[in-house]
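Read through the structure below, which is laid out as C-alpha cells, and then see the notes.
Computed from a prediction, not measured in an experiment: that's the story for all the values here.
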Amino acid sequence: MKTFFLDESGELGFKLTSSNYFSISILICNNLDLKRLRAISKKIRTRKLKKKYRELSELKGNNSSDEIRRLFLRKISELDIGIYTIILDKKKVFDYLKDKKHKLYNYVAQRIISGCPVQDIKTDLIVDNRGGKILSKEFDSYIKGKFREKNLNKNIEISHLDSKKDGGLQAVDFVSWAIFRKYESKDE
C-alpha cells in the first residue's frame with residue numbers, strides 16, 4: 001500500500017497582489033515509513049521548539065523559522081519517499097479558467113496524481129480538508145472519474161483530513177512551500 005499526501009502553496013487568485021505561481025505537490029510514502037513521517041512534526045514541536053511554541057496545533061512552512069524548515073526537510077529526506085510537483089505559471093492560465101478556481105485546482109491535482117506511480121495497489125490519497133463537504137465531494141468525483149476514464153488505479157481511496165491532526169499533511173506542506181518559495185521568491 002502507498003499513501004499519497006497532497007498539498008498546495010500559493011493561491012489561485014489573479015489580482016495584481018496575487019502570487020505569480022501556484023504549486024501542488026504530492027509526497028508518496030510506503031507503509032514502512034508512514035509512521036515515521038507522521039511523527040516528524042510532533043518530535044520537532046516537542047523537542048526543538050521553545051516552550052511557548054510547543055503547544056502549536058501544527059507546523060507550517062510559511063510561518064516557521066528557517067531552522068525549523070531545514071530540520072523538517074532534512075528529516076523528511078531521510079525517509080524512503082517520492083515527491084512530485086507541478087508549478088503553475090499563472091500568467092499562462094487561460095482567461096476562461098480564472099474565475100473557475102475549484103475546477104482549475106481539481107484539474108491540476110488530477111494531472112499530478114495521474115503522473116505518479118499509481119499501480120493497481122491500494123492507494124490512499126490524503127488531502128487537506130480545505131473546501132468543505134461540497135468541494136470535497138466534487139474533488140473526489142472528478143479524480144475518481146478521471147481515473148476510470150484513463151483506466152488508472154481503481155483501488156484509490158481519498159480522505160480529506162485536518163492538517164492539524166496529520167503529520168503527513170504537515171510534511172507535504174513544508175515540501176510544497178519550499179518548492180513554491182524557490183519559484184515565487186527565487187529563494188533556494
Side-chain angles (χ1 to χ4, degrees), residues 3-29 33 36-38 40-45 47-50 53 56-117 125-131 135 139 143 162-164 166-188:
T3 303
F4 290 23
F5 295 95
L6 181 129
D7 196 35
E8 72 284 333
S9 289
E11 35 71 43
L12 285 173
F14 294 92
K15 299 176 185 170
L16 289 175
T17 56
S18 297
S19 63
N20 295 312
Y21 296 94
F22 175 78
S23 75
I24 193 163
S25 298
I26 287 184
L27 188 153
I28 300 175
C29 189
D33 284 329
R36 289 176 57 205
L37 176 74
R38 284 184 156 147
I40 290 172
S41 66
K42 185 175 184 180
K43 285 180 181 176
I44 290 173
R45 208 170 45 248
R47 296 180 187 165
K48 301 294 182 183
L49 293 179
K50 293 178 182 174
Y53 296 114
L56 292 173
S57 58
E58 75 178 305
L59 294 176
K60 295 190 72 63
N62 70 340
N63 62 11
S64 293
S65 69
D66 284 343
E67 176 188 6
I68 296 300
R69 290 178 189 129
R70 283 187 191 97
L71 178 60
F72 211 115
L73 293 169
R74 190 177 73 242
K75 293 285 188 192
I76 292 169
S77 72
E78 294 170 358
L79 302 176
D80 183 19
I81 59 165
I83 296 172
Y84 295 80
T85 299
I86 289 179
I87 304 295
L88 179 65
D89 182 347
K90 294 184 339 187
K91 288 178 252 151
K92 296 181 179 182
V93 172
F94 294 118
D95 286 337
Y96 74 92
L97 289 172
K98 290 181 179 178
D99 63 344
K100 296 178 171 98
K101 294 176 189 172
H102 300 299
K103 290 185 184 213
L104 181 58
Y105 179 90
N106 290 351
Y107 173 76
V108 176
Q110 173 271 140
R111 291 290 307 251
I112 192 168
I113 296 164
S114 298
C116 294
L125 171 63
I126 300 176
V127 184
D128 192 10
N129 191 11
R130 58 187 269 288
L135 293 178
F139 176 86
I143 297 299
D162 184 346
S163 61
K164 292 175 184 169
D166 193 290
L169 285 171
Q170 291 177 44
V172 73
D173 174 81
F174 273 82
V175 170
S176 185
W177 180 86
I179 294 168
F180 169 77
R181 185 90 175 146
K182 178 187 184 316
Y183 284 85
E184 186 69 23
S185 303
K186 311 294 186 254
D187 182 0
E188 299 285 332

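For Phe139, the ring-ring contact (aromatic ring centres under 6.0 Å, His included) partners at least two apart in sequence or on another chain are His160. For Ser176, the side-chain hydrogen bond (donor to acceptor under 3.5 Å, both in side chains) criterion is met by Ser9, Ser23, not counting sequence neighbours. By the ring-ring contact (aromatic ring centres under 6.0 Å, His included) test, Phe180 pairs with no residue at all, sequence neighbours left out. Applying the side-chain contact (heavy atoms from CB on, under 4.5 Å) criterion to Lys182, with sequence neighbours excluded, gives Glu188. Remark: Asn62 pairs with no residue by the side-chain hydrogen bond (donor to acceptor under 3.5 Å, both in side chains) rule, at least two apart or across chains. Partners of Lys98 under the salt bridge (charged side-chain N to carboxylate O under 4.0 Å, His left out) rule, at least two apart in sequence or in another chain, are Asp95. Residues forming a ring-ring contact (aromatic ring centres under 6.0 Å, His included) with Phe174 (at least two apart in sequence, or on another chain): Phe72. Residues satisfying the salt bridge (charged side-chain N to carboxylate O under 4.0 Å, His left out) criterion with Glu78, sequence neighbours excluded, are absent altogether. By the side-chain hydrogen bond (donor to acceptor under 3.5 Å, both in side chains) test, Asp99 pairs with no residue at all, sequence neighbours left out. In this structure Lys92 satisfies the side-chain contact (heavy atoms from CB on, under 4.5 Å) test together with Asp89, sequence neighbours excluded. Partners of Arg38 according to the side-chain contact (heavy atoms from CB on, under 4.5 Å) rule, which considers only residues two or more places apart in sequence or in another chain, are Phe5, Leu34, Ile126, Asp166. With sequence neighbours left out, the side-chain contact (heavy atoms from CB on, under 4.5 Å) criterion links Arg111 to Ile86, Tyr107.
Between Lys90 and Glu11 there is a salt bridge, since at least one side-chain N of the basic residue sits less than 4.0 Å from a carboxylate O of the acidic one.
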